[in-house]
Amino acid sequence: METQRQKKIAGLLQQDLAEMLQRAAVDGGLQGIILSVTKVHVTSDLSIAKVYVSIFPVKEATGLIKGIQAQKAQFRHELARRTRNQLRRVPELQFYLDDSLEYIENIEKSLKEGEDPIENPDLLPRRKKS
């Protein structure tokens with residue numbers, strides 16, 4: 001169960017990280033790529049923030065998420081600068097790819113083709129729990 005403090009910090013981090021990632025994509029010359037932070041989950045001791053990032057188009061996602069993970073120290077430093085009046089210590093950032101939009105798209109495609117993923121669950125690949 002998340003406390004109000006965890007929710008407040010998660011919301012603050014989500015907003016700032018979304019701005020930072022979008023700016024980094026534009027500055028990096030990535031045209032036509034949409035990055036959004038779909039969810040941030042902060043641990044109860046406020047030491048770790050799990051950041052779920054949705055990337056469109058999906059074919060670019062794995063390379064971009066690796067690049068984001070490689071730059072997480074810079075993102076944390078920028079967050080510390082932005083939130084210096086609100087947070088004493090910025091949580092360690094862990095970035096994960098949020099593939100829920102792709103999963104929903106696959107379900108819709110399956111349904112339009114007349115297949116029923118409920119009756120035949122092998123039609124859709126299993127999702128990893130994180």
Side-chain angles (χ1 to χ4, degrees):
M1 176 103 179
E2 275 191 328
T3 63
Q4 280 300 112
R5 178 95 175 125
Q6 284 173 284
K7 290 177 186 174
K8 192 173 184 178
I9 290 172
L12 179 72
L13 294 177
Q14 182 175 1
Q15 185 177 15
D16 283 342
L17 281 168
E19 289 173 17
M20 291 165 44
L21 287 172
Q22 288 168 354
R23 191 182 69 234
V26 170
D27 292 349
L30 299 174
Q31 303 302 329
I33 292 182
I34 300 170
L35 292 166
S36 62
V37 178
T38 55
K39 182 164 175 60
V40 176
H41 177 74
V42 181
T43 57
S44 57
D45 63 355
L46 308 177
S47 64
I48 298 172
K50 292 182 178 181
V51 181
Y52 294 90
V53 181
S54 179
I55 300 171
F56 186 81
V58 179
K59 65 180 183 284
E60 308 284 337
T62 51
L64 282 175
I65 202 75
K66 287 179 184 173
I68 290 170
Q69 288 170 341
Q71 300 290 320
K72 68 182 173 182
Q74 286 89 334
F75 288 123
R76 188 174 182 204
H77 179 72
E78 174 68 14
L79 271 176
R81 192 186 64 72
R82 286 179 174 224
T83 61
R84 67 180 175 268
N85 295 329
Q86 294 136 333
L87 291 177
R88 244 184 249 156
R89 199 173 140 238
V90 175
E92 181 184 325
L93 302 174
Q94 296 177 347
F95 290 95
Y96 297 96
L97 182 61
D98 183 2
D99 64 346
S100 57
L101 291 176
E102 179 186 11
Y103 191 72
I104 291 169
E105 188 179 308
N106 287 341
I107 290 173
E108 288 178 354
K109 190 171 119 184
S110 237
L111 291 173
K112 285 179 184 173
E113 292 173 358
E115 299 167 342
D116 189 355
I118 295 172
E119 289 178 10
N120 186 2
D122 296 332
L123 293 173
L124 296 171
R126 295 273 180 230
R127 292 189 70 195
K128 299 182 291 281
K129 300 284 185 209
S130 54

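Each residue takes its place number in the sequence, starting with 1. Keep in mind that this is a model prediction, so the values were computed, not measured.
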Atom [atom1] in [X], atom [atom2] in [Y]: separation rounded to 0.5 Å?
X	Y	atom1	atom2	result
Leu97	Thr62	CG	OG1	8.0 Å
Tyr52	Ile65	OH	CD1	11.0 Å
His77	Arg81	NE2	CZ	8.0 Å

side-chain contact (heavy atoms from CB on, under 4.5 Å) against [X], all qualifying residues, sequence neighbours excluded:
X	value
Arg88	none
Ala10	Val40, Val42
Leu79	Leu13, Asp16, Leu17, Met20, Val90, Leu93
Arg5	Thr3, Ile9, Leu46, Leu87

Heavy atoms from other residues, nucleotides or ligands near CD of Gln86 exceed 12 (cutoff 6.0 Å):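 Yes, because the 6.0 Å sphere around CD of Gln86 holds more than 12 heavy atoms from other groups.
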Any pair counted as side-chain hydrogen bond (donor to acceptor under 3.5 Å, both in side chains), so long as it reaches residues 38-48, sequence neighbours left out: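 Applying side-chain hydrogen bond (donor to acceptor under 3.5 Å, both in side chains) to every pair that reaches into residues 38-48, excluding sequence neighbours, yields Glu2-His41, Thr38-Asp98, Thr43-Asp45, Asp45-Ser47.
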Determine the minimum heavy-atom distance between [X] and [Y], stating which atoms define it.
X	Y	answer
Phe95	Gln69	O-NE2, 2.9 Å
Pro91	Ala49	CB-N, 3.8 Å
Pro57	Gly32	CD-O, 3.7 Å

Student check: side-chain heavy atoms of Val51 and Gln94 closer than 4.5 Å: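 When only atoms from C-beta onward are counted, Gln94 and Val51 do not touch, as no gap falls below 4.5 Å.
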Note, Leu21 side chain near Phe75 side chain (heavy atom, < 4.5 Å):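 When only atoms from C-beta onward are counted, Phe75 and Leu21 do touch, with a gap below 4.5 Å.
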Go through the structure and list residues passing side chain to side chain donor-acceptor pair (under 3.5 Å) with [X], not counting sequence neighbours.
X	answer
Glu19	Arg82
Arg89	none
Glu92	none

Hydrophobic cluster (4.5 angstrom, side-chain heavy atoms) - remaining members for Phe56: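 Taking Ile, Leu, Val, Met, Phe, Trp and Tyr as members, Phe56 shares its hydrophobic cluster with Ile34.
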Residue pairs fulfilling salt bridge (charged side-chain N to carboxylate O under 4.0 Å, His left out) with at least one residue in residues 60-76, sequence neighbours excluded: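 Those involving residues 60-76 do not exist here.
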